[in-house]
Amino acid sequence: MHKRTKIKISIFVLLVGMACMFTAVVTDHWAVLSPRVDKVNQTCEAAHFGLWRLCKKYIYISSENYVEGHGCGPISLPGEENCTYFRHFTPGQDAEIFEYKTQKEYNISAAAISIFSLGFMILGSLCLIGSCTGKGKGRDYLLKPAGMFFAFAGLCSFISLEVMRQSVKRMIESEETIWIEYYYAWSFACACTGFILLFLTGIALLLLSMPQMPRNPWETCMDAEPEQVE
């Protein structure tokens, strides 16, 4: 496969990864929490949240939906929903929302790291634009920082995922919690997909931008003819 074709495929995969990561950052279905339900024909309160806000949903549990020993839900059932934004950067305010203490320091870290990820994606995109519009050696040169920026964006995505996972784990294990069940939802899956695509494709783009390997054992990388991307 020609080098130009490989780069085009890498750029397409990067666009998919950026779309997945951006979707994860702006949506609030990273995790779903459910309290215990002991009786039928009553309303329970499930919750789902992301980096920026928490949504509380009031779900009516009928005899058809009730499963003994299970939590409120599924979250897809109809019900009234009320969303509140986390006060990430407002010091001195109580972090207790909806009868449980959110791990505010975890959410601040995950949100801040996700912003760094978006910043690296923007820088990588600018380098790609410069590479596509440039001529000669400048096109090849800009692919190197582009690959590094996208790889860094993938690493930041992974760190944000791990911080959010630890936040949910600590929340569930708290003695004051009302939640008995949790699972990671589609926003979390988008972030995982974004991490994999951005990191691996960023590394691939970086390798594609490297000088051509020598064809003969007595050559060095400096002696080998440069492979231009047309």
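Throughout, numbering of the chain's residues begins at 1 and tracks the sequence.
Here the closest heavy-atom approach between residue A151 and residue F199 is recorded as O-CD1, 3.6 Å. For the residue pair R53 and C83, the shortest heavy atom distance occurs at NH1-CB, 3.6 Å. The shortest heavy-atom contact between G147 and L205 is N-CD2, 3.9 Å. Contact detail for F195 and G154: the closest heavy-atom pair is CD1-O, 3.0 Å. When every heavy atom of A191 is checked against every heavy atom of L161, the shortest pair comes out as CB-CD2, 3.4 Å. R4 and H2 get closest at one heavy-atom pair: N-ND1, 3.0 Å.
Remark: M148 CE is loosely packed, at most 12 non-hydrogen atoms of other residues, nucleotides or ligands lying under 6.0 Å away. The environment of CZ in F152 is sparse: at most 12 heavy-atom neighbours from other residues, nucleotides or ligands sit within 6.0 Å. Other residues, nucleotides and ligands contribute more than 12 heavy atoms inside 6.0 Å of the CZ atom of F188.
Distance CD/E80 to OG1/T43: 10.0 Å, rounded to 0.5 Å. To the nearest 0.5 Å, the span separating CE on M18 from CD1 on I11 amounts to 9.0 Å. If you take CG on L206 and CZ on F150, they are separated by 12.5 Å, rounding to the nearest 0.5 Å. The structure places CG of L142 at 8.0 Å from OG1 of T133, a figure rounded to the nearest 0.5 Å. To the nearest 0.5 angstrom, E162 atom CD is 10.5 Å from I113 atom CD1. A distance of 10.5 Å separates NZ of K57 from SG of C44, quoted to the nearest 0.5 Å.
Judged by distance alone, the side chains of T201 and S10 never bring a donor and an acceptor atom under 3.5 Å apart.
With a 4.5 Å cut-off on side-chain heavy atoms, V25 and L118 count as touching. Using a 4.5 Å heavy-atom cutoff, the side chains of L126 and F149 are not in contact. For the pair V168 and Y184, the minimum side-chain heavy-atom distance is below 4.5 Å. Side-chain contact between L51 and T27: absent, with no pair of heavy atoms (C-beta onward) separated by less than 4.5 Å. Residues L208 and L143 have side chains not in contact (no heavy-atom distance under 4.5 Å, counting atoms from C-beta outward). With contacts defined as side-chain heavy-atom distances shorter than 4.5 Å, the pair F120/S157 does not qualify. Between E81 and H48 the shortest side-chain heavy-atom distance falls below 4.5 Å. Put simply, the side chain of Y182 does not reach to within 4.5 Å of the side chain of S34, judged on heavy atoms.
With C20, the cysteine C190 has an SG gap of 2.5 Å or longer.
The distance between the ring centers of Y58 and Y60 does not fall below 6.0 angstrom.
A ring pair (Phe, Tyr, Trp, His ring centres under 6.0 Å) with H29 holds for exactly one of Y183, W186, F49; it is W186.
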Item to complete: Kindly indicate, with the supporting measurements, whether the criterion side chain to side chain contact (heavy atoms under 4.5 Å, CB included) is fulfilled by V13 and L198.
Response: CA-CA 8 Å; V13 175; L198 289 173; over 6 Å; no

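Without hydrogens or angle criteria, S131 side chain to L128 main chain gives no donor-acceptor distance under 3.5 Å. Side-chain atoms of S160 never come within 3.5 Å of backbone atoms of C156 as a donor-acceptor pair (strictly under, hydrogens ignored).
L15 and M21 fall within a single hydrophobic cluster, where Ile, Leu, Val, Met, Phe, Trp and Tyr are joined by side-chain heavy atoms under 4.5 Å apart, directly or via other members. Criterion: ILVMFWY side-chain heavy atoms under 4.5 Å apart, direct or through other members. Under it, F116 and F22 are not part of a common hydrophobic cluster.
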